[in-house]
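Order of the sequence lines fixes the chain letters, A, B, ..., with proteins taken first and strands second; residue numbering starts at 1 for each chain. Heavy atoms only: backbone and side chains are in, while hydrogens, waters and symmetry mates are out.
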Amino acid sequence: MAERKKPISVLLNGLIKENPTLRLLLGMCPSLAVTTMAKNGLGMGAAATFVLVGSNLVISLIRKIVPDKVRIPAYITVIATFTTIVHLLLAAFLPELNKQLGIYIPLIVVNCIIFARAEMFAQKNGPLLSVLDGLGMGAGFTLAITAIGSVREILGAGTWMGIPVTVNLFEPAIMFILPPGGFLVMGFLVALFNKLADKKDKSLECETGCEAGCPGCSKAANGGEA
Amino acid sequence: MSILIPVAVVSGLGLVFGLGLSYASKVFEVKVDERISAVREMLPGANCGACGYSGCDGLAEAIINEGVHPSRCPVGGIAVVNAIADYLGIDEGSIDVNVARVLCQGNCDNVVFKYNYLGIEDCHAANALAGGMDACSYGCVGLGSCKKVCQFDAIIVENGLARIIPEKCTGCGNCVAECPKSIIKLVPVLSGFTVKCNNHDKGVIARKNCKVGCIACQRCVKVCPSEAITMDNNLAVIDPEKCTNCGQCAEACPQKCITNTIVKRFK
Amino acid sequence: MKELFAILIGAILVENFVLSKFLGICPFLGVSKKTSTALGMSGAVVFVLVMSQAVTWLANEYLLEPYNLEYLQTITFILVIAALVQFVETVLKKLMPPLYKALGVYLPLITTNCAVLGSALIFVERNYTFIEAVVFGFAAGLGFTLALILFSGIRERLETADIPEAFKGMPITLVAASLVSITFIGFAGLIIG
Amino acid sequence: MFKDIIKPSIILFLVCAVMTGALAYVNGVTEPIIDENNKIAEQESLKNVFSDADNFLDAKTGEELKTEGIDVSDNIEKLYTAQKDGQSIGYVVSVFSSGYGGKLKILVGIDNDLNIKGISLVSHNETPGLGANAANPKFTDQFLGKAPQKEFNVVKRVPNDDSEIQAITAATVTSKAVTKGVNEAVALVRSIVGGA
């Protein structure tokens, strides 16, 4: 993909085509653990987006001066700083969300999405594109985990964002709030996404106009399998 | 003041680790010829093993140490070969880059079925059951074993027949080895016309099993100006070297099983 | 001695890192295709987890606690882990090339592994002593290994199963993981000590 | 020599320094707010356990109580003295207990003449829907009122006197854990009030 990437395509790329959680299957730990409630998903998504945009920006600025020997520690320090800043801000201004997200805020540091985007994207592109990519990826991540959170909350607790939705329809299945429910809902959503995305991909394969066949392209490299 | 202590603590740690890491990478440096890592960068990096080495690292080492020609990597196409050749200052030489092609057109509409197969979606499994469900025992079973093996998503299975997308195929040969019916052949990329059939039965039997199979009528052999087509026990075979892609055999063939698949990528 | 045993069993079965605490899922899903790769990965994880627990505990005890810099925990821990992993990688590449060939490719993966940082944060929260922290790390690694190998066996059988088109690849793996994690809920009631 | 040892270390040092500087600055700004939040949250949790007290003295930890010669079980975390317009009218005890899913923390408000003002399950990770029901009033209200001489014990049937607590169905382990915590809190306050 040597040619100049259009900023808009970079932004939208993170939402559907390369949705970090449902297509590239990155950042699984928080998206399974925190999504017992849709509100948590939203909070976690927003926090992760802030960290993602911030770290993408800084990393793309310092990518030229950081020698390869200390590349990983330097990038990790940048990401950790942004995460701690989010953690402090949340603890100061949104205490009850902070109580719910608990241990998972510091774990944004090792959230694979952020480090993957830093390595894959921020290291090769300028600050503007990296920020856009961070926004796109963050929005995609937020969308995905809020969707997972909503499904799990409706099925598991009969409420959505706290509003009782299905209390008298059926007895909520607690299983969906427990870990197995997380895997299950995630699995079905990824399957749904494969169905949607594949329909578009099929058209991609027929008109072979696109510069297909290069093994380096991200679609072939880590299509379904992580 | 309360900012100084944390900054001192963490950057002190950073300094210690910086020194430690760079010192360690110096002391424990494994002598590597930097040309190898340069060539490794240029190779596509799919580690598919089509070049016969254990992935791109193996090939990079072989190119530098054993003088293997870069075109040994079929996956990268002309761009990679030229890049490495210029880097090493050797001439590109002839490119024997191949592309895989399924020599069969027997999808569900054309071929007659012996039985209705509902087992595991795997050609080997179907093939174990009396040679697969197609009446023509040479034909493509169409259950996608080749698709599972293809790293470059170059194979799609439609209507019971595997089809290889020439632009995506890198000629790594994984599918050729995988296919239980061995009907996928590696042909030179520039060869357009091929006989899309693998059936060695007599014409009358072939016609009964499949609408588009080669019935060995030998019309193509007679009509070909450069005698590129020979009969290999009831199956017409086009010799890529001699074939000039004139296309007369395709018109002459009553069963329409000779087709033209020129690959745009190498124009 | 009893609490050490309680921590050991607790971390492997009751609060298994992958299946009930949701830490370290990325490598768990990514690497568990074949049992051999699973073994390599879990060996690397146990190795790094034990070392990182020790170093992070020391860093926390002597650098952060005295100046009460709790908010620096994340940044120091992850810096320590990243440096440790890179150091181990360079040493391994030089001194034990065969081990590096089998294990090496997973080492950079471990830096971004939630389990390593997660276990560091947990031992701070429960303020374990040095030995307890290291035993906890070791047990967490074993729990990770148990889950990974158990799961890679299942995934190998998934290859030949007849799966609907959209579920091929990762979705079926996730559904399988959810069934395995149901079994681990059975251990939840195991109260020790 | 310089290029591949000193340069990387200096750059890592600078990156760490700049980043931690920003961090320390943000922490300087947010630290007072966080402390305040924690204090408010703590006061609130104490309030709903001991409603008629208007302020609470700073907590005394288990060790401090031991130094004052009171025998304290090591499950006791803190003891707050509850005051109403300057007069100490009771205590709030925060006590740990190990339930089904691990450690759980209970706040117990007890006034000077030993009747229990309020109970709240502050932090637990019991299974949602089963053990977690111990937190809602239906279960905790059973403890309210005069603390009996002998300890509370958990029964499966309808209790016939106020020293028996009816367990939550399918969550006996949690019910027992909460009761054990409350008993320890009552014993502590009894030794202080009885003794004092």
Side-chain angles (χ1 to χ4, degrees), chain A residues 22-23 25-34 69-77 79-81 83-84 87-88 91 103-116 119 175 178-196 198 222-226, chain C residues 16 18-31 33 71-83 85-86 90 108-118 120-122 125 164-185 188:
Chain A
L22 296 173
R23 288 294 289 154
L25 288 152
L26 294 169
M28 301 288 282
C29 308
S31 35
L32 287 172
V34 146
K69 284 199 183 53
V70 282
R71 185 167 47 81
I72 295 181
Y75 287 174
I76 280 274
T77 316
I79 297 174
T81 314
T83 315
T84 322
H87 191 68
L88 292 176
I103 181 172
Y104 294 104
I105 294 262
L107 285 187
I108 297 183
V109 171
V110 279
N111 184 333
C112 316
I113 297 180
I114 299 180
F115 198 70
E119 287 284 314
M175 204 277 276
L178 299 176
F183 281 116
L184 206 66
V185 170
M186 188 85 180
F188 278 91
L189 273 177
V190 173
L192 184 70
F193 234 72
N194 283 351
K195 204 93 190 93
L196 293 179
D198 266 359
N222 53 14
E225 297 288 318
Chain C
N16 182 297
V18 179
L19 294 171
S20 53
K21 284 186 90 67
F22 277 129
L23 295 168
I25 307 269
C26 309
F28 173 71
L29 289 174
V31 168
K33 270 206 273 306
Y71 66 95
L72 283 184
Q73 269 168 5
T74 325
I75 193 164
T76 11
F77 287 171
I78 200 67
L79 192 62
V80 163
I81 293 169
V85 168
Q86 196 159 345
T90 29
L109 247 175
I110 294 175
T111 349
T112 63
N113 181 338
C114 323
V116 181
L117 183 65
L121 290 171
I122 287 172
E125 194 189 323
E165 184 53 34
F167 270 85
K168 285 217 166 62
M170 205 41 81
I172 195 71
T173 322
L174 283 164
V175 173
S178 96
L179 296 180
V180 171
S181 91
I182 291 181
T183 53
F184 268 75
I185 289 197

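- Two residues are said to be in side-chain contact when any heavy atoms from C-beta on lie closer than 4.5 Å; A:Leu192 and A:Phe188 fail this criterion.
- Contact annotation for A:Leu32: both backbone and side-chain heavy atoms come within less than 4.5 Å of a heavy atom of chain C.
- Scanning for side chain to side chain contact (heavy atoms under 4.5 Å, CB included) contacts around C:Pro171 gives A:Val190, A:Ala191, A:Asn194, C:Phe167, with sequence neighbours left out.
- Among residues two or more places apart in sequence or in another chain, the side chain to side chain contact (heavy atoms under 4.5 Å, CB included) test is passed with C:Thr90 by B:Ala24, B:Ser25.
- Counting heavy atoms from C-beta on, the side chains of A:Phe183 and C:Val180 never come closer than 4.5 Å.
- Comparing A:Gly187, A:Pro180, A:Gly182 by heavy-atom pairs within less than 4.5 Å of chain C, the highest count is held by A:Pro180.
- The candidate with the highest count of non-hydrogen atom pairs below 4.5 Å against chain A, out of C:Val175, C:Leu72, C:Ile78, is C:Ile78.
- Between the CG atom in C:Leu174 and the CD1 atom in C:Ile172 there is a gap of 9.5 Å [rounded to 0.5 Å].
- In terms of non-hydrogen atom pairs under 4.5 Å with chain A, the most contact-rich of C:Val18, C:Leu179, C:Thr74 is C:Thr74.
- Of all the heavy atoms in C:Ala82 and A:Ile72, the pair that sits closest is CB-CG2, 4.3 Å.
- Ranked by heavy-atom pairs under 4.5 Å with chain A, the first of C:Leu117, C:Thr76, C:Val116, C:Leu79 is C:Leu117.
- Contact count versus chain C (heavy atoms, under 4.5 Å) is highest, among A:Pro179, A:Ala74, A:Ala80, A:Pro73, for A:Pro179.
- Of the two parts of A:Thr84, only the side chain, counted from C-beta on, holds a non-hydrogen atom closer than 4.5 Å to a non-hydrogen atom of chain C.
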